Asker: 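Below is the structure I would like to discuss, written out as C-alpha coordinates.
Below, chains carry the letters A, B, ... as their sequence lines are ordered, and counting in each starts from 1. On a predicted model such as this, the values are computed, not experimentally measured, just so you know.
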2 protein chains.
Amino acid sequence: MLTEERHQLIRNQLAADGRVLAGELASRFGVSEDTVRRDLRELAKAGQLRRVYGGAVASAPFAAATLSQRSRHAVEEKTRLATAAVGLLGAGQSLFIDGGTTNEAIARAIPRDMELTVATNSLGVASALTDLPLVELIVLGGRYVPDLGTCVGADTLAAVAQLGADLFFLGSCGLDVARGVTAFDSAEAEVKRAMAKNSAGIVIAVTNDKLATAAPYRVAGADAIRHLVVEKSAPAATLADFQSRGAQVHFA
Amino acid sequence: MLTEERHQLIRNQLAADGRVLAGELASRFGVSEDTVRRDLRELAKAGQLRRVYGGAVASAPFAAATLSQRSRHAVEEKTRLATAAVGLLGAGQSLFIDGGTTNEAIARAIPRDMELTVATNSLGVASALTDLPLVELIVLGGRYVPDLGTCVGADTLAAVAQLGADLFFLGSCGLDVARGVTAFDSAEAEVKRAMAKNSAGIVIAVTNDKLATAAPYRVAGADAIRHLVVEKSAPAATLADFQSRGAQVHFA
DNA sequence: CCGTTTCTTGCATGAACCGGCAAAACATGC
DNA sequence: GCATGTTTTGCCGGTTCATGCAAGAAACGG
(Lines give C-alpha, C1' and ligand atoms only; values in the text may rest on other atoms or scores of the structure.)
Protein backbone atom coordinates (compact mmCIF):
# COMPACT_ATOMS: atom_id res chain seq x y z
CA MET A 1 0.00 0.00 0.00
CA LEU A 2 1.35 3.38 -1.02
CA THR A 3 1.79 6.13 1.52
CA GLU A 4 -0.22 8.44 -0.66
CA GLU A 5 -3.06 5.93 -0.85
CA ARG A 6 -3.33 5.84 2.91
CA HIS A 7 -3.36 9.60 3.07
CA GLN A 8 -6.20 9.75 0.61
CA LEU A 9 -8.21 7.12 2.49
CA ILE A 10 -7.66 8.98 5.73
CA ARG A 11 -8.89 12.20 4.13
CA ASN A 12 -11.93 10.38 2.82
CA GLN A 13 -12.92 8.87 6.13
CA LEU A 14 -12.33 12.22 7.80
CA ALA A 15 -14.68 13.91 5.38
CA ALA A 16 -17.28 11.21 5.97
CA ASP A 17 -17.07 10.66 9.72
CA GLY A 18 -15.34 13.79 10.98
CA ARG A 19 -12.87 11.71 12.93
CA VAL A 20 -10.47 8.77 12.66
CA LEU A 21 -8.84 6.44 15.19
CA ALA A 22 -5.17 5.54 14.92
CA GLY A 23 -5.63 1.91 15.96
CA GLU A 24 -8.55 1.34 13.65
CA LEU A 25 -6.69 2.74 10.65
CA ALA A 26 -3.66 0.59 11.45
CA SER A 27 -5.60 -2.65 11.36
CA ARG A 28 -7.57 -1.57 8.30
CA PHE A 29 -4.42 -0.71 6.35
CA GLY A 30 -2.42 -3.63 7.71
CA VAL A 31 0.42 -1.43 8.96
CA SER A 32 1.73 -0.59 12.40
CA GLU A 33 0.16 2.15 14.47
CA ASP A 34 3.43 4.06 14.30
CA THR A 35 3.08 4.34 10.56
CA VAL A 36 -0.46 5.63 10.91
CA ARG A 37 0.70 8.12 13.49
CA ARG A 38 3.34 9.31 11.09
CA ASP A 39 0.67 9.74 8.42
CA LEU A 40 -1.50 11.70 10.78
CA ARG A 41 1.42 13.88 11.82
CA GLU A 42 2.18 14.76 8.23
CA LEU A 43 -1.41 15.52 7.36
CA ALA A 44 -1.71 17.66 10.46
CA LYS A 45 1.41 19.55 9.44
CA ALA A 46 -0.23 20.20 6.07
CA GLY A 47 -3.29 21.51 7.90
CA GLN A 48 -5.61 18.83 6.54
CA LEU A 49 -6.67 17.55 9.94
CA ARG A 50 -6.25 18.23 13.60
CA ARG A 51 -4.35 15.71 15.65
CA VAL A 52 -5.91 14.59 18.91
CA TYR A 53 -5.01 11.92 21.42
CA GLY A 54 -6.11 8.60 19.91
CA GLY A 55 -6.54 9.73 16.35
CA ALA A 56 -7.53 12.91 14.54
CA VAL A 57 -10.57 15.06 13.78
CA ALA A 58 -11.54 17.26 10.85
CA SER A 59 -9.96 20.67 11.13
CA ALA A 60 -11.72 23.43 9.23
CA PRO A 61 -15.03 22.27 7.74
CA PHE A 62 -17.00 22.35 10.97
CA ALA A 63 -18.86 25.64 10.98
CA ALA A 64 -18.83 27.87 14.02
CA ALA A 65 -15.72 26.07 15.11
CA THR A 66 -13.36 28.72 13.80
CA LEU A 67 -13.52 30.84 16.91
CA SER A 68 -13.78 28.07 19.47
CA GLN A 69 -11.07 26.18 17.62
CA ARG A 70 -8.64 28.98 18.14
CA SER A 71 -9.49 29.29 21.79
CA ARG A 72 -8.74 25.62 22.31
CA HIS A 73 -5.38 25.93 20.67
CA ALA A 74 -3.21 27.06 23.53
CA VAL A 75 -5.56 27.24 26.47
CA GLU A 76 -2.91 26.58 29.03
CA GLU A 77 -0.56 29.18 27.66
CA LYS A 78 -3.21 31.83 27.28
CA THR A 79 -4.39 31.31 30.83
CA ARG A 80 -0.85 31.91 32.04
CA LEU A 81 -0.55 35.03 29.93
CA ALA A 82 -3.88 36.22 31.25
CA THR A 83 -2.85 35.79 34.87
CA ALA A 84 0.29 37.79 34.27
CA ALA A 85 -1.63 40.49 32.40
CA VAL A 86 -4.14 40.85 35.21
CA GLY A 87 -1.21 41.54 37.52
CA LEU A 88 -0.81 44.89 35.77
CA LEU A 89 -4.22 46.05 36.94
CA GLY A 90 -4.88 48.36 39.85
CA ALA A 91 -8.16 48.78 41.69
CA GLY A 92 -10.43 51.46 40.33
CA GLN A 93 -8.82 51.65 36.92
CA SER A 94 -10.77 51.94 33.69
CA LEU A 95 -9.99 49.71 30.73
CA PHE A 96 -10.64 49.18 27.07
CA ILE A 97 -10.60 45.51 26.10
CA ASP A 98 -11.13 44.52 22.49
CA GLY A 99 -11.56 41.09 20.94
CA GLY A 100 -9.47 37.95 20.67
CA THR A 101 -9.23 34.75 22.62
CA THR A 102 -6.34 36.00 24.71
CA ASN A 103 -8.36 38.99 25.83
CA GLU A 104 -11.24 36.72 26.73
CA ALA A 105 -8.86 34.71 28.88
CA ILE A 106 -7.75 37.92 30.53
CA ALA A 107 -11.34 38.90 31.27
CA ARG A 108 -11.93 35.52 32.87
CA ALA A 109 -8.78 35.90 34.97
CA ILE A 110 -9.90 39.13 36.63
CA PRO A 111 -10.51 38.39 40.32
CA ARG A 112 -14.01 38.82 41.73
CA ASP A 113 -12.97 41.37 44.31
CA MET A 114 -11.41 43.86 41.89
CA GLU A 115 -13.21 47.09 41.19
CA LEU A 116 -12.88 48.21 37.58
CA THR A 117 -14.63 50.03 34.80
CA VAL A 118 -14.36 48.10 31.56
CA ALA A 119 -15.51 49.06 28.07
CA THR A 120 -15.42 46.33 25.44
CA ASN A 121 -16.69 45.64 21.94
CA SER A 122 -16.22 41.88 22.35
CA LEU A 123 -19.24 39.80 23.30
CA GLY A 124 -16.97 37.11 24.70
CA VAL A 125 -15.21 39.56 27.00
CA ALA A 126 -18.54 41.09 28.00
CA SER A 127 -20.00 37.69 28.85
CA ALA A 128 -17.01 36.86 31.00
CA LEU A 129 -17.39 40.11 32.91
CA THR A 130 -21.09 39.87 33.63
CA ASP A 131 -20.33 37.56 36.53
CA LEU A 132 -18.09 40.05 38.29
CA PRO A 133 -20.03 42.13 40.81
CA LEU A 134 -17.56 45.02 41.12
CA VAL A 135 -16.94 45.59 37.42
CA GLU A 136 -18.83 48.42 35.80
CA LEU A 137 -19.30 47.09 32.30
CA ILE A 138 -19.85 49.28 29.28
CA VAL A 139 -20.74 47.47 26.08
CA LEU A 140 -19.55 49.15 22.90
CA GLY A 141 -22.25 48.30 20.41
CA GLY A 142 -22.30 48.28 16.64
CA ARG A 143 -22.39 45.84 13.79
CA TYR A 144 -21.38 42.42 15.06
CA VAL A 145 -18.78 40.51 13.02
CA PRO A 146 -19.01 36.77 13.69
CA ASP A 147 -15.47 36.03 12.58
CA LEU A 148 -14.02 38.51 15.06
CA GLY A 149 -16.52 38.15 17.86
CA THR A 150 -16.57 41.91 18.19
CA CYS A 151 -18.63 44.93 17.19
CA VAL A 152 -17.23 47.39 14.69
CA GLY A 153 -18.42 50.27 12.57
CA ALA A 154 -19.43 53.89 12.99
CA ASP A 155 -21.55 53.24 16.08
CA THR A 156 -18.67 51.53 17.81
CA LEU A 157 -16.29 54.35 16.95
CA ALA A 158 -18.74 56.92 18.27
CA ALA A 159 -19.09 55.03 21.54
CA VAL A 160 -15.33 54.74 21.95
CA ALA A 161 -14.88 58.45 21.26
CA GLN A 162 -16.94 59.30 24.32
CA LEU A 163 -14.76 57.29 26.68
CA GLY A 164 -11.26 57.29 28.04
CA ALA A 165 -9.30 54.56 29.79
CA ASP A 166 -6.13 54.03 31.78
CA LEU A 167 -5.18 50.90 29.90
CA PHE A 168 -6.11 49.32 26.58
CA PHE A 169 -5.78 45.57 26.25
CA LEU A 170 -5.15 45.18 22.54
CA GLY A 171 -5.64 41.66 21.30
CA SER A 172 -5.41 39.24 18.42
CA CYS A 173 -3.04 41.00 16.08
CA GLY A 174 0.28 40.74 14.38
CA LEU A 175 3.27 42.17 16.19
CA ASP A 176 6.43 43.27 14.46
CA VAL A 177 9.06 45.78 15.49
CA ALA A 178 9.23 47.48 12.12
CA ARG A 179 5.53 47.50 11.24
CA GLY A 180 4.21 47.82 14.78
CA VAL A 181 0.81 46.47 15.77
CA THR A 182 -1.30 45.28 12.86
CA ALA A 183 -4.81 43.84 12.37
CA PHE A 184 -6.44 41.60 9.77
CA ASP A 185 -9.53 43.69 9.15
CA SER A 186 -9.95 47.32 8.20
CA ALA A 187 -12.94 48.08 10.42
CA GLU A 188 -11.36 46.19 13.29
CA ALA A 189 -8.19 48.25 12.94
CA GLU A 190 -10.21 51.46 13.03
CA VAL A 191 -11.76 50.54 16.36
CA LYS A 192 -8.40 49.54 17.78
CA ARG A 193 -6.91 52.86 16.70
CA ALA A 194 -9.75 54.75 18.37
CA MET A 195 -9.27 52.81 21.60
CA ALA A 196 -5.53 53.39 21.48
CA LYS A 197 -6.03 57.11 21.01
CA ASN A 198 -8.29 57.40 24.04
CA SER A 199 -6.23 55.41 26.49
CA ALA A 200 -3.17 56.31 28.50
CA GLY A 201 -1.34 53.02 27.92
CA ILE A 202 -1.48 49.97 25.69
CA VAL A 203 -1.06 46.43 26.97
CA ILE A 204 -0.49 43.56 24.57
CA ALA A 205 -0.43 39.92 25.62
CA VAL A 206 0.62 37.51 22.90
CA THR A 207 1.62 33.92 22.38
CA ASN A 208 4.89 33.29 20.59
CA ASP A 209 3.24 32.61 17.24
CA LYS A 210 2.05 36.22 17.05
CA LEU A 211 5.51 37.66 17.59
CA ALA A 212 7.35 38.88 14.53
CA THR A 213 4.30 38.55 12.29
CA ALA A 214 2.37 41.30 10.54
CA ALA A 215 -1.14 41.76 9.16
CA PRO A 216 -2.32 44.20 6.49
CA TYR A 217 -3.76 47.03 8.60
CA ARG A 218 -1.60 49.16 10.83
CA VAL A 219 -2.95 50.00 14.30
CA ALA A 220 -0.07 51.58 16.16
CA GLY A 221 3.71 51.82 16.14
CA ALA A 222 5.88 49.58 18.26
CA ASP A 223 6.76 52.54 20.46
CA ALA A 224 3.11 52.91 21.53
CA ILE A 225 3.25 49.69 23.55
CA ARG A 226 3.55 50.29 27.28
CA HIS A 227 3.37 46.68 28.50
CA LEU A 228 4.16 43.51 26.59
CA VAL A 229 3.15 40.20 28.19
CA VAL A 230 4.84 37.17 26.62
CA GLU A 231 5.62 33.55 27.25
CA LYS A 232 8.83 32.65 29.04
CA SER A 233 10.03 31.00 25.86
CA ALA A 234 9.68 34.13 23.73
CA PRO A 235 12.75 34.92 21.59
CA ALA A 236 14.95 37.34 23.53
CA ALA A 237 16.14 39.25 20.47
CA THR A 238 12.63 40.29 19.48
CA LEU A 239 11.83 41.34 23.02
CA ALA A 240 14.93 43.48 23.20
CA ASP A 241 13.76 45.36 20.12
CA PHE A 242 10.45 46.18 21.76
CA GLN A 243 12.13 47.11 25.02
CA SER A 244 14.37 49.57 23.23
CA ARG A 245 11.20 51.29 22.02
CA GLY A 246 9.86 51.78 25.51
CA ALA A 247 7.86 48.63 26.11
CA GLN A 248 8.01 47.01 29.50
CA VAL A 249 8.21 43.24 29.11
CA HIS A 250 6.47 40.82 31.50
CA PHE A 251 6.89 37.05 31.48
CA ALA A 252 3.96 34.73 32.16
CA MET B 1 -14.49 7.31 22.10
CA LEU B 2 -12.15 10.23 21.56
CA THR B 3 -11.91 12.95 24.19
CA GLU B 4 -12.48 15.45 21.45
CA GLU B 5 -15.69 13.72 20.41
CA ARG B 6 -17.10 14.00 23.89
CA HIS B 7 -16.26 17.69 23.97
CA GLN B 8 -18.03 18.22 20.69
CA LEU B 9 -21.11 16.31 21.84
CA ILE B 10 -21.21 18.29 25.06
CA ARG B 11 -21.03 21.53 23.09
CA ASN B 12 -23.84 20.33 20.85
CA GLN B 13 -26.16 19.41 23.67
CA LEU B 14 -25.34 22.66 25.39
CA ALA B 15 -26.31 24.61 22.31
CA ALA B 16 -29.54 22.64 22.05
CA ASP B 17 -30.68 22.40 25.66
CA GLY B 18 -28.69 25.13 27.38
CA ARG B 19 -27.59 22.71 30.07
CA VAL B 20 -26.01 19.30 30.66
CA LEU B 21 -25.90 16.91 33.63
CA ALA B 22 -22.66 15.20 34.62
CA GLY B 23 -24.26 11.87 35.48
CA GLU B 24 -26.35 11.76 32.35
CA LEU B 25 -23.34 12.46 30.13
CA ALA B 26 -21.32 9.78 31.91
CA SER B 27 -23.84 7.05 31.22
CA ARG B 28 -24.42 8.26 27.66
CA PHE B 29 -20.69 8.22 26.87
CA GLY B 30 -19.95 5.08 28.86
CA VAL B 31 -17.24 6.70 30.98
CA SER B 32 -16.95 7.55 34.65
CA GLU B 33 -18.41 10.75 36.03
CA ASP B 34 -14.89 11.86 36.91
CA THR B 35 -13.97 11.88 33.27
CA VAL B 36 -17.04 13.91 32.40
CA ARG B 37 -16.23 16.34 35.18
CA ARG B 38 -12.74 16.69 33.79
CA ASP B 39 -14.20 17.40 30.35
CA LEU B 40 -16.50 20.02 31.79
CA ARG B 41 -13.64 21.63 33.68
CA GLU B 42 -11.57 21.91 30.53
CA LEU B 43 -14.40 23.36 28.50
CA ALA B 44 -15.11 25.82 31.30
CA LYS B 45 -11.47 26.83 31.32
CA ALA B 46 -11.74 27.53 27.61
CA GLY B 47 -14.81 29.64 28.29
CA GLN B 48 -17.16 27.41 26.32
CA LEU B 49 -19.51 26.71 29.18
CA ARG B 50 -20.14 27.59 32.76
CA ARG B 51 -19.68 24.97 35.40
CA VAL B 52 -22.49 24.56 37.92
CA TYR B 53 -23.24 22.04 40.63
CA GLY B 54 -24.47 18.87 38.95
CA GLY B 55 -23.36 19.69 35.43
CA ALA B 56 -22.86 22.80 33.32
CA VAL B 57 -24.83 25.49 31.54
CA ALA B 58 -24.21 27.59 28.45
CA SER B 59 -21.72 30.33 29.14
CA ALA B 60 -24.14 33.07 28.18
CA PRO B 61 -25.74 34.96 31.04
CA PHE B 62 -28.95 33.29 29.93
CA ALA B 63 -28.21 30.02 31.61
CA ALA B 64 -27.50 31.21 35.12
CA ALA B 65 -30.89 32.82 35.42
CA THR B 66 -32.83 29.91 34.00
CA LEU B 67 -31.34 27.36 36.32
CA SER B 68 -31.14 29.22 39.59
CA GLN B 69 -34.14 31.51 39.43
CA ARG B 70 -36.71 29.76 37.34
CA SER B 71 -38.25 26.34 37.68
CA ARG B 72 -37.79 23.64 35.11
CA HIS B 73 -41.41 23.95 34.14
CA ALA B 74 -40.99 27.63 33.30
CA VAL B 75 -38.12 26.78 30.97
CA GLU B 76 -40.25 24.35 29.01
CA GLU B 77 -43.11 26.79 28.95
CA LYS B 78 -40.88 29.57 27.67
CA THR B 79 -39.50 27.35 24.97
CA ARG B 80 -43.06 26.68 23.81
CA LEU B 81 -43.85 30.39 23.88
CA ALA B 82 -40.66 31.05 21.94
CA THR B 83 -41.53 28.57 19.22
CA ALA B 84 -44.92 30.19 18.79
CA ALA B 85 -43.41 33.69 18.78
CA VAL B 86 -40.89 32.74 16.10
CA GLY B 87 -43.84 31.70 13.94
CA LEU B 88 -44.70 35.39 13.60
CA LEU B 89 -41.43 36.11 11.83
CA GLY B 90 -40.99 36.52 8.11
CA ALA B 91 -37.76 36.25 6.18
CA GLY B 92 -35.87 39.47 5.73
CA GLN B 93 -37.58 41.32 8.56
CA SER B 94 -35.77 43.58 11.00
CA LEU B 95 -36.35 43.24 14.73
CA PHE B 96 -35.73 44.89 18.05
CA ILE B 97 -35.35 42.38 20.87
CA ASP B 98 -34.79 43.57 24.39
CA GLY B 99 -33.98 41.63 27.55
CA GLY B 100 -35.64 38.93 29.61
CA THR B 101 -35.43 35.17 29.72
CA THR B 102 -38.41 34.74 27.41
CA ASN B 103 -36.76 36.86 24.73
CA GLU B 104 -33.57 34.85 25.09
CA ALA B 105 -35.60 31.70 24.51
CA ILE B 106 -37.08 33.31 21.41
CA ALA B 107 -33.63 34.15 20.10
CA ARG B 108 -32.60 30.53 20.59
CA ALA B 109 -35.68 29.33 18.76
CA ILE B 110 -34.90 31.22 15.56
CA PRO B 111 -34.08 28.67 12.85
CA ARG B 112 -30.63 28.66 11.26
CA ASP B 113 -31.93 29.25 7.76
CA MET B 114 -33.86 32.44 8.52
CA GLU B 115 -32.52 35.72 7.25
CA LEU B 116 -33.09 38.59 9.69
CA THR B 117 -31.65 41.84 10.95
CA VAL B 118 -31.76 41.97 14.72
CA ALA B 119 -30.85 44.81 17.04
CA THR B 120 -30.67 43.97 20.74
CA ASN B 121 -29.43 45.46 24.00
CA SER B 122 -29.43 42.07 25.72
CA LEU B 123 -26.16 40.17 25.94
CA GLY B 124 -28.05 36.92 26.31
CA VAL B 125 -29.99 37.49 23.12
CA ALA B 126 -26.85 38.62 21.32
CA SER B 127 -24.95 35.50 22.42
CA ALA B 128 -27.75 33.27 21.19
CA LEU B 129 -27.70 34.97 17.80
CA THR B 130 -23.96 34.82 17.17
CA ASP B 131 -24.29 31.27 15.92
CA LEU B 132 -26.83 32.07 13.24
CA PRO B 133 -25.12 32.67 9.91
CA LEU B 134 -27.93 34.58 8.24
CA VAL B 135 -28.73 36.99 11.05
CA GLU B 136 -27.23 40.46 10.78
CA LEU B 137 -26.69 41.29 14.42
CA ILE B 138 -26.50 44.84 15.74
CA VAL B 139 -25.50 45.18 19.36
CA LEU B 140 -26.97 48.18 21.16
CA GLY B 141 -24.26 49.15 23.61
CA GLY B 142 -24.34 51.18 26.76
CA ARG B 143 -24.05 50.74 30.50
CA TYR B 144 -24.61 47.08 31.32
CA VAL B 145 -27.01 46.32 34.17
CA PRO B 146 -26.30 42.86 35.63
CA ASP B 147 -29.79 42.44 37.10
CA LEU B 148 -31.42 43.00 33.73
CA GLY B 149 -28.81 41.45 31.47
CA THR B 150 -29.20 44.41 29.15
CA CYS B 151 -27.55 47.68 28.27
CA VAL B 152 -29.31 50.94 29.07
CA GLY B 153 -28.52 54.63 29.23
CA ALA B 154 -27.96 57.52 26.87
CA ASP B 155 -25.69 55.54 24.55
CA THR B 156 -28.29 52.83 24.14
CA LEU B 157 -31.02 55.38 23.44
CA ALA B 158 -28.87 57.08 20.82
CA ALA B 159 -28.20 53.76 19.09
CA VAL B 160 -31.89 52.85 19.06
CA ALA B 161 -32.81 56.26 17.67
CA GLN B 162 -30.78 55.52 14.55
CA LEU B 163 -32.65 52.32 13.76
CA GLY B 164 -36.09 51.15 12.81
CA ALA B 165 -37.65 47.72 12.91
CA ASP B 166 -40.68 45.78 11.68
CA LEU B 167 -41.28 44.10 15.01
CA PHE B 168 -40.25 44.74 18.58
CA PHE B 169 -40.13 41.76 20.95
CA LEU B 170 -40.79 43.42 24.28
CA GLY B 171 -39.88 41.25 27.24
CA SER B 172 -39.84 40.81 30.96
CA CYS B 173 -42.46 43.28 32.11
CA GLY B 174 -45.78 43.63 33.84
CA LEU B 175 -48.88 43.44 31.70
CA ASP B 176 -52.20 44.93 32.70
CA VAL B 177 -55.09 46.12 30.59
CA ALA B 178 -55.56 49.36 32.49
CA ARG B 179 -51.91 50.32 33.02
CA GLY B 180 -50.57 48.78 29.83
CA VAL B 181 -47.00 47.51 29.56
CA THR B 182 -44.82 48.39 32.53
CA ALA B 183 -41.18 47.89 33.57
CA PHE B 184 -39.33 47.65 36.87
CA ASP B 185 -36.55 50.07 36.08
CA SER B 186 -36.61 53.65 34.88
CA ALA B 187 -33.71 53.40 32.45
CA GLU B 188 -34.98 50.07 31.14
CA ALA B 189 -38.39 51.60 30.49
CA GLU B 190 -36.78 54.46 28.56
CA VAL B 191 -35.05 52.04 26.21
CA LYS B 192 -38.23 50.02 25.71
CA ARG B 193 -40.14 53.21 24.88
CA ALA B 194 -37.52 54.18 22.31
CA MET B 195 -37.68 50.76 20.69
CA ALA B 196 -41.47 50.85 20.65
CA LYS B 197 -41.44 54.25 19.01
CA ASN B 198 -39.16 53.09 16.20
CA SER B 199 -40.89 49.84 15.34
CA ALA B 200 -44.00 49.11 13.30
CA GLY B 201 -45.41 46.50 15.68
CA ILE B 202 -44.96 45.22 19.21
CA VAL B 203 -44.87 41.52 20.10
CA ILE B 204 -45.13 40.40 23.72
CA ALA B 205 -44.70 36.81 24.83
CA VAL B 206 -45.49 36.17 28.47
CA THR B 207 -46.04 33.36 30.91
CA ASN B 208 -49.24 33.44 32.96
CA ASP B 209 -47.60 34.92 36.04
CA LYS B 210 -46.89 38.16 34.16
CA LEU B 211 -50.49 38.66 33.10
CA ALA B 212 -52.52 41.16 35.09
CA THR B 213 -49.50 42.49 36.97
CA ALA B 214 -47.98 45.94 36.83
CA ALA B 215 -44.58 47.49 37.54
CA PRO B 216 -43.79 51.14 38.39
CA TYR B 217 -42.70 52.49 35.01
CA ARG B 218 -45.05 52.75 32.09
CA VAL B 219 -43.74 51.69 28.66
CA ALA B 220 -46.79 51.65 26.38
CA GLY B 221 -50.57 51.42 26.47
CA ALA B 222 -52.37 48.13 26.03
CA ASP B 223 -53.57 49.25 22.62
CA ALA B 224 -50.00 49.39 21.33
CA ILE B 225 -49.67 45.61 21.42
CA ARG B 226 -49.96 44.00 17.99
CA HIS B 227 -49.26 40.36 18.93
CA LEU B 228 -49.67 38.69 22.30
CA VAL B 229 -48.22 35.18 22.71
CA VAL B 230 -49.52 33.35 25.77
CA GLU B 231 -49.82 29.89 27.26
CA LYS B 232 -52.84 27.78 26.44
CA SER B 233 -53.88 28.01 30.07
CA ALA B 234 -54.01 31.82 30.12
CA PRO B 235 -57.20 33.29 31.64
CA ALA B 236 -59.64 33.98 28.81
CA ALA B 237 -61.14 37.09 30.39
CA THR B 238 -57.80 38.91 30.45
CA LEU B 239 -57.05 37.93 26.89
CA ALA B 240 -60.43 39.22 25.72
CA ASP B 241 -59.59 42.61 27.23
CA PHE B 242 -56.38 42.80 25.24
CA GLN B 243 -58.07 41.57 22.08
CA SER B 244 -60.67 44.30 22.36
CA ARG B 245 -57.79 46.80 22.27
CA GLY B 246 -56.48 45.45 19.01
CA ALA B 247 -54.03 42.76 20.10
CA GLN B 248 -53.89 39.52 18.16
CA VAL B 249 -53.60 36.58 20.55
CA HIS B 250 -51.50 33.47 19.78
CA PHE B 251 -51.44 30.31 21.90
CA ALA B 252 -48.22 28.36 22.44
C1' DC C 1 -27.37 20.53 62.20
C1' DC C 2 -26.53 16.14 59.55
C1' DG C 3 -26.79 13.00 55.64
C1' DT C 4 -26.28 12.85 50.79
C1' DT C 5 -24.60 14.14 46.56
C1' DT C 6 -21.19 16.24 43.94
C1' DC C 7 -16.61 18.09 43.39
C1' DT C 8 -11.61 18.22 43.64
C1' DT C 9 -7.07 16.22 44.31
C1' DG C 10 -3.65 12.75 44.21
C1' DC C 11 -2.26 8.48 42.50
C1' DA C 12 -1.71 4.18 39.77
C1' DT C 13 -2.21 2.06 35.36
C1' DG C 14 -2.46 1.27 30.79
C1' DA C 15 -2.69 3.33 26.36
C1' DA C 16 -0.90 6.55 23.16
C1' DC C 17 2.85 9.37 21.78
C1' DC C 18 7.59 10.76 20.09
C1' DG C 19 12.45 10.32 18.79
C1' DG C 20 15.81 7.55 17.35
C1' DC C 21 17.54 3.40 15.18
C1' DA C 22 18.07 -0.25 11.98
C1' DA C 23 16.23 -3.24 8.51
C1' DA C 24 13.80 -3.53 4.27
C1' DA C 25 12.29 -1.64 -0.06
C1' DC C 26 13.23 1.28 -3.59
C1' DA C 27 15.68 4.26 -6.67
C1' DT C 28 19.98 5.84 -8.70
C1' DG C 29 24.67 5.86 -10.54
C1' DC C 30 28.67 3.47 -12.01
C1' DG D 1 25.50 -6.59 -11.27
C1' DC D 2 26.86 -4.01 -7.49
C1' DA D 3 27.34 -0.19 -4.50
C1' DT D 4 25.26 3.87 -2.70
C1' DG D 5 21.79 6.91 -1.10
C1' DT D 6 16.91 7.68 -0.06
C1' DT D 7 12.43 6.50 1.67
C1' DT D 8 9.51 3.78 4.16
C1' DT D 9 8.55 1.00 7.79
C1' DG D 10 8.58 -1.47 12.19
C1' DC D 11 10.43 -1.72 16.71
C1' DC D 12 12.34 -0.11 21.10
C1' DG D 13 13.03 3.15 25.08
C1' DG D 14 11.27 6.96 27.65
C1' DT D 15 7.66 10.24 28.11
C1' DT D 16 3.20 12.08 28.16
C1' DC D 17 -1.75 11.59 28.43
C1' DA D 18 -6.38 9.86 29.62
C1' DT D 19 -8.85 7.38 32.79
C1' DG D 20 -10.75 5.30 36.92
C1' DC D 21 -10.40 4.82 41.83
C1' DA D 22 -10.05 6.53 46.56
C1' DA D 23 -10.05 10.03 50.06
C1' DG D 24 -11.07 14.42 51.64
C1' DA D 25 -13.57 18.96 50.82
C1' DA D 26 -17.50 21.45 49.50
C1' DA D 27 -22.27 22.12 48.30
C1' DC D 28 -26.85 21.01 48.57
C1' DG D 29 -31.40 19.75 50.92
C1' DG D 30 -33.72 19.08 54.40
Asker: Please report the distance, rounded to the nearest Å, between CG in Asp39(A) and P in dC18(C).
Answerer: 13 Å
Asker: Between dT9(D) atom P and Leu25(A) atom CG, what is the distance in whole Å?
Answerer: 14 Å
Asker: Closer than 3.5 angstrom, by distance alone: can the side chain of Asp39(A) be matched with the main-chain N or O of His7(A) as a donor-acceptor pair?
Answerer: no
Asker: Under a 3.5 Å cutoff, is there a donor and acceptor pairing between the side chains of Gln48(A) and Arg11(A)?
Answerer: yes
Asker: According to a strict under-4.0 Å criterion, is Ser32(A) in side-chain N/O contact with OP1 or OP2 of dT8(D)?
Answerer: no
Asker: Which nucleotide in the set dT9(D), dG20(D), dC17(C) lies at the smallest distance from any side-chain heavy atom of Arg37(A)?
Answerer: dC17(C)
Asker: Between the side-chain atoms of Tyr53(B) and the base atoms of dA27(D), is any donor-acceptor pair under 3.5 Å?
Answerer: yes
Asker: Please work out whether the ring planes of Phe96(A) and Phe168(A) are parallel, tilted or perpendicular, with thresholds of 30° and 60°.
Answerer: perpendicular
Asker: To the nearest angstrom, how far is Met1(B) atom CE from dC17(D) atom P?
Answerer: 22 Å
Asker: Which one, dG20(D), dG19(C), dC17(C), comes nearest to the side chain of Asp34(A)?
Answerer: dG19(C)
Asker: Can Lys78(A) and Thr207(A) be counted as having a side-chain donor-acceptor contact under 3.5 angstrom?
Answerer: no
Asker: Could you tell me how far apart Leu40(A) (CG) and dT9(D) (P) are, to the nearest whole angstrom?
Answerer: 13 Å
Asker: Given dT8(C), dC17(C), dG19(C), which nucleotide is nearest the side-chain atoms of Arg51(A)?
Answerer: dC17(C)
Asker: Send over the distance from Leu21(A) CG to dA18(D) P, rounded to a whole Å.
Answerer: 15 Å
Asker: Whole Å only: how far is the NE2 atom of His7(A) from the C1' atom of dT9(D)?
Answerer: 13 Å
Asker: Look at the side chain of Arg41(B) and decide which nucleotide, out of dT8(C), dT9(D), dA16(C), has an atom nearest to it.
Answerer: dT8(C)
Asker: Specify the separation, in whole Å, of atom CG of Leu2(B) and atom C1' of dA16(C).
Answerer: 11 Å
Asker: So which nucleotide from dA26(D), dG20(D), dG10(D) ends up closest to the side chain of Arg38(A)?
Answerer: dG10(D)
Asker: Any side-chain heavy atom of Leu137(B) sitting closer than 4.5 Å to one from Thr130(B)?
Answerer: yes
Asker: Looking for any heavy atom pair under 4.0 Å, which part of the strands does Val36(B) touch: base, sugar-phosphate only, or nothing?
Answerer: nothing
Asker: Just how far, in rounded Å, is P of dA18(D) from CD of Glu5(B)?
Answerer: 14 Å
